[in-house]
Amino acid sequence: AVVSTQSTGDNIYTIPNALSLSRIILSPIVAYSIVNGQHSAALALFGIAGFTDFLDGQIARRYPSQRSLLGSIIDPIGDKMLMGLSTASVWYTGLMPSWLLCIILGRDIILLSGGLAVKYQSLDKFSFKGLFNVTDGTIEVKPGWHGKLNMCLQLGAVVACLSA
């Protein structure tokens with residue numbers, strides 16, 4: 001991911017934000033479906049959630065008025081929720097080996113820790129409120145090609161496990 005210190009427009013009522021929010025809402029439903037053995041439903045919902053990730057990015061790139069600081073935050077949160085909950089659920093049901101779970105979740109924990117470290121360095125004075133304040137616009141994370149490839153591989157791993 002590329003880190004920028006410039007803020008975008010702060011219009012929170014955008015189509016990409018609604019799509020990211022829908023992915024956040026779908027994530028625990030997908031996990032519930034996996035844990036309860038409803039793999040067809042889980043695959044369908046997982047596919048819809050994955051498509052919202054693709055679609056929100058396309059819209060935000062093509063229409064600058066649809067970009068927002070909030071979107072740059074909730075999009076990766078939606079990604080992490082979908083992948084984290086889905087991966088943990090597939091592992092919990094015995095469809096994914098522990099080593100793969102550790103690789104996927106470990107990478108996300110490292111990325112989150114790095115983001116918090118960058119945010120911490122940008123603070124004049126430390127406070128938890130400042131550390132988690134998303135409105136100051138000090139950091140905007142833009143995904144690179146390697147992050148998109150990784151997301152596709154992770155999506156594929158979950159689909160493969162559910163299809164087995």
Side-chain angles (χ1 to χ4, degrees), residues 1-3 8 10-61 66-116 118-119 131-135 139-164:
V2 177
V3 178
T8 59
D10 214 20
N11 177 16
I12 63 170
Y13 302 106
T14 66
I15 294 169
N17 288 356
L19 291 168
S20 293
L21 185 59
S22 73
R23 191 164 56 258
I24 289 169
I25 292 167
L26 280 174
S27 295
I29 299 169
V30 170
Y32 178 84
S33 298
I34 293 169
V35 169
N36 287 295
Q38 301 167 344
H39 294 174
S40 295
L43 277 168
L45 293 171
F46 191 75
I48 292 167
F51 184 69
T52 66
D53 184 36
F54 168 78
L55 194 57
D56 72 11
Q58 290 297 314
I59 293 170
R61 276 188 291 284
Q66 292 292 301
R67 296 179 193 153
S68 71
L69 176 61
L70 178 64
S72 74
I73 295 164
I74 66 171
D75 177 53
I77 288 172
D79 294 347
K80 300 303 176 216
M81 281 188 66
L82 178 63
M83 289 314 307
L85 290 172
S86 297
T87 303
S89 299
V90 170
W91 169 81
Y92 178 79
T93 59
L95 297 173
M96 177 180 282
S98 296
W99 63 265
L100 186 53
L101 172 80
C102 291
I103 289 171
I104 292 172
L105 295 184
R107 176 190 177 273
D108 288 343
I109 290 167
I110 290 169
L111 288 174
L112 178 61
S113 300
L116 287 173
V118 169
K119 178 70 173 184
L131 186 63
F132 295 102
N133 180 2
V134 297
T135 62
I139 317 174
E140 181 184 354
V141 178
K142 298 180 181 179
W145 68 268
H146 58 281
K148 293 175 186 176
L149 174 62
N150 181 68
M151 182 67 167
C152 287
L153 291 173
Q154 288 181 0
L155 289 169
V158 170
V159 168
C161 289
L162 286 174
S163 299

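Computed from a predicted model, the values in this text were never measured in an experiment.
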Q: Counting N and O atoms only, with roles assigned by atom type, does the side chain of Ser22 sit under 3.5 Å from a partner on the main chain of Leu19, one being a donor and the other an acceptor?
A: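 Checking the backbone N and O of Leu19 against the side chain of Ser22, a donor-acceptor pair under 3.5 Å is found.
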Q: For the residue pair Gly78 and Ser27, what are the closest heavy atoms and their distance?
A: O-OG, 4.1 Å
Q: Going by heavy atoms in the side chains, are His146 and Asn150 under 4.5 Å from each other?
A: no
Q: Within the distance-only criterion (no hydrogens, no angle test), does the side chain of Asp75 pair as donor or acceptor with the backbone N or O of Gly71 below 3.5 angstrom?
A: no
Q: Flag the pair Leu100 / Trp91 as yes when at least one side-chain heavy-atom distance between them is below 4.5 Å, and no otherwise.
A: no
Q: Provide the closest heavy-atom pair for Thr87 versus Met96 in the form atom of the first, atom of the second, distance.
A: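 The pair with the smallest heavy-atom distance is CG2-SD, 3.4 Å.
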Q: Quick one: does Ser86's side chain have a donor or acceptor within less than 3.5 Å of a partner on Met83's backbone?
A: no
Q: Could you check whether any side-chain heavy atom of Ser89 comes within less than 4.5 Å of a side-chain heavy atom of Val35, counting everything from C-beta outward?
A: yes
Q: Looking at CG of Asp79 and CG of Asp56, how far apart are the two atoms once the value is rounded to the nearest 0.5 Å?
A: 7.5 Å
Q: Distance only, no hydrogens: is a donor on one side chain within 3.5 Å (strictly under) of an acceptor on the other, for Thr14 and Asn11?
A: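 There is no such pair (donor and acceptor under 3.5 Å, judged by atom type) between the side chains of Thr14 and Asn11.
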Q: Is there a side-chain contact between Leu82 and Leu26, using heavy atoms and a 4.5 Å cut-off?
A: no
Q: Taking the side chain as everything from C-beta on, heavy atoms only, tell me whether Leu85 gets closer than 4.5 Å to Val30.
A: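 No - every pair of side-chain heavy atoms lies 4.5 Å or more apart.
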Q: Could you check if a side-chain atom of Asp108 sits within less than 4.5 angstrom of a side-chain atom of Leu112, using non-hydrogen atoms only?
A: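 They are not in side-chain contact.
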Q: Distance-only, no hydrogens or angles: does the Arg23 side chain make a donor-acceptor pair with backbone N or O of Gly50 under 3.5 Å?
A: no
Q: State, to 0.1 Å, how close Arg67 and Ala60 come at their nearest heavy-atom pair, and which atoms those are.
A: NE-O, 2.7 Å
Q: I need the Gln154 CD to Ile104 CD1 distance, nearest 0.5 Å.
A: 5.0 Å
Q: Do you know which two heavy atoms are closest between Ile15 and Ile59, and how far apart they sit?
A: CG2-CD1, 3.6 Å
